[in-house]
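Count residues from 1 along the sequence. Hydrogens, waters and symmetry mates play no part in the numbers below; they use all other heavy atoms, side chains included. Here the structure is a predicted model, which means the values were calculated and not measured.
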Amino acid sequence: MKISKRIASIAFALVFSLSAFLAVPSLNAEAKTKSAASGVTIAAALIQGTDVVVTTSGASSSEDGLYHLVASDANQTAPAGVDVAQATAASGATFSVPLGKGTASTMLFKKFTVCVMKGGALSPVSNSMYITNPEGCATYACARMDYGKKGILPALDVATFNKNQPRDLGCQQVQLTLPLSWISNGGGSYSYNGKIYHFETARLSGYDNAIRKYNGMGCQVTLIIVVDQAAQTEFINPYSYDGLGLHNYYGLNASTTEGVDILSAAAAFLGNRYSGHGFGQVDNYIIGNEVNAWGDWNYMNCGSLEAFTQQYTNAFRVMYNGIKSENATANVYVCTDQQWARAGAANYYAGKSFLTQFNSMIKAEGNVDWRLATHAYMTPLTSATPWAASSSLTHSQSSPYISLQNIDVVTDFMCQSDMLSPTGAVRTVKLSEQGYTSLSGEDLQAAAVVYAYLVAMNNSHIDGMILSREKDDPGEIAQGLANGLCNVDGSKKMSYTFYQNCADPNVVAQASAIAGVDLNTRITPR
């Protein structure tokens with residue numbers, strides 16, 4: 001999402017809590033833990049029935065002859081946490097701990113570390129690992145609505161919403177954004193893990209209606225979860241405090257105990273609510289928006305790529321476990337923009353560098369089936385010729401930018417052995433936002449949307465393409481982007497008919513004639 005479209009927020013007083021900052025684990029502390037850890041390796045932490053079973057290999061001496069399994073929150077570094085189980089200090093020790101889903105003593109969001117007694121105090125001697133199969137305790141396992149890749153970012157004003165245009169366009173996917181302010185400080189009462197959260201449900205009724213309606217059209221729904229300024233303070237990462245009021249969205253808070261708790265509850269609340277039992281079904285969740293563009297769309301002033309990614313990864317892990325523990329079949333995505341290998345700057349990290357770091361951190365503490373949502377916008381954004389050659393768009397991993405023209409750069413990156421899912425599968429990529437302006441001509445926009453569809457359909461690693469957008473946004477038009485298939489007044493552009501019939505060979509031929517090149521020759525199949 002490139003153009004500023006702030007969610008209207010209410011003013012609130014923010015207290016800078018020293019205790020909140022002290023609760024943020026430093027990278028030095030993490031590094032010390034890793035350097036101290038030796039001898040024992042946690043091989044797995046899995047839900048088995050009503051327990052969590054932690055298996056290990058290797059051995060280390062202990063003054064009391066025992067291994068101590070310490071369960072820590074995302075914002076803690078062992079030995080901080082709770083000593084939840086002990087085993088004889090011997091090679092191949094196994095621990096079994098009650099999962100306690102929904103209770104104050106739940107292990108669902110904990111990371112486990114083996115510690116030994118040394119000098120009268122516990123000291124870590126292993127890696128740390130989270131539960132990697134939260135779906136093992138899921139309340140629901142919805143039959144996914146994987147009907148096709150063609151998608152649209154729908155307009156939610158009443159007049160447009162009532163036209164049912166996603167169905168008319170033949171779309172199989174739609175995407176909505178949920179700012180966490182919409183559930184913050186509400187009148188509802190949600191009990192989770194021994195605490196009561198006052199999540200708003202009345203404000204969600206509009207989302208409920210929309211999700212149910214799109215499901216009824218045969219559209220799979222993706223929900224983007226973002227933190228806006230009006231969200232409860234506990235949702236907002238402390239590293240975001242210095243930028244409040246200046247940016248679009250902010251970092252999720254897994255840096256304090258309060259933050260971990262409320263994220264856990266919110267993830268479970270949404271995962272449960274939208275599991276197809278009355279409120280509609282959401283199959284896909286995107287955690288944050290263009291998070292590598294941290295200065296604009298996920299503001300956290302952490303000072304380095306490593307620190308930033310660790311903060312995001314901790315929050316992603318909490319959200320992943322919360323969602324998957326309610327709907328086993330939901331897919332959970334990390335989101336990046338089109339800046340691929342471009343040198344980092346003051347307000348963003350290169351997408352490739354961020355994903356490399358994110359994947360490494362996830363794998364280090366228990367690999368899970370995360371997916372990638374990326375925005376393959378044009379460079380510049382006002383360009384409507386995605387098939388045109390550009391020095392900024394190459395088929396090399398050093399390409400500064402990615403777009404639909406060279407999206408194979410991203411899917412090739414995801415095919416690397418180090419990037420594969422825990423089952424050895426290539427993680428799918430959702431093209432969750434891209435669009436083309438009609439200000440250079442409705443004919444070029446029409447050809448562009450056909451080309452985008454052809455690229456998505458010819459890449460087996462892409463699981464969806466969300467075109468931005470159904471109707472023009474006045475704020476975007478002011479910045480040179482009339483990306484809608486319909487004008488502000490609701491009248492249809494040429495691109496509407498072209499997208500509606502984009503699989504028709506005759507329409508593809510018309511689009512190629514507009515582009516002045518056979519569009520099929522500008523596709524790199526994968």
As a quick check of understanding, evaluate ring pair (Phe, Tyr, Trp, His ring centres under 6.0 Å) for Phe413 and Trp340, giving each step before the final call. CA-CA 11 Å; Phe413 178 80; Trp340 184 245; 5.2 Å; yes
Between Phe308 and Tyr348, is the ring centroid distance below 6.0 Å? no
Does Asp463 come within less than 4.0 Å of Lys149, counting only side-chain N to carboxylate O? no
Has Ser184 got a side-chain atom pairing as donor or acceptor with Gln232's backbone, closer than 3.5 angstrom? yes
Is the shortest distance from a Lys or Arg side-chain nitrogen in Lys324 or Asp369 to a carboxylate oxygen in the other one below 4.0 Å? no
Non-hydrogen atoms of Val455 and Leu404 that approach each other most closely: CG1-O, 3.3 Å
Are a donor atom and an acceptor atom from the side chains of Tyr274 and Asp208 found within less than 3.5 Å of each other? yes
Going by the ring pair (Phe, Tyr, Trp, His ring centres under 6.0 Å) test, name the single residue among Phe279, Tyr190, Tyr197 that passes it with Phe269. Tyr190
Minimal heavy-atom distance between Gly366 and Met129, with the atoms involved, is CA-CG, 4.0 Å
Tyr320 to Pro134 - nearest heavy-atom pair and separation: CE2-CG, 3.8 Å
Do Lys163 and Asp168 meet the salt-bridge criterion of a basic N to acidic O distance under 4.0 Å? no
For Asn75 against Thr256, the heavy-atom pair lying closest together: ND2-C, 3.6 Å
Does Tyr285 form a side-chain contact (heavy atoms from CB on, under 4.5 Å) with Met319? I'd like the steps, not just the answer. CA-CA 9 Å; Tyr285 293 84; Met319 297 296 288; over 6 Å; no
Is the distance between the ring centroids of Tyr312 and Phe358 less than 6.0 Å? yes
Taking the six-membered ring of Tyr499, is NZ or CZ of Lys493 closer than 6.0 Å to its centre and within 45° of its axis? no
How long is the straight-line distance from CG of Asn458 back to CG of Asn520, given to the nearest 0.5 Å? 7.5 Å
Check the side chains of Arg371 and Thr428 for a donor-acceptor pair under 3.5 angstrom, ignoring hydrogens and angles. yes
Between Lys471 and Asp157, is the salt bridge (Lys or Arg N to Asp or Glu O under 4.0 Å) condition met? List the steps. CA-CA 10 Å; Lys471 189 173 86 168; Asp157 62 280; 3.2 Å; yes
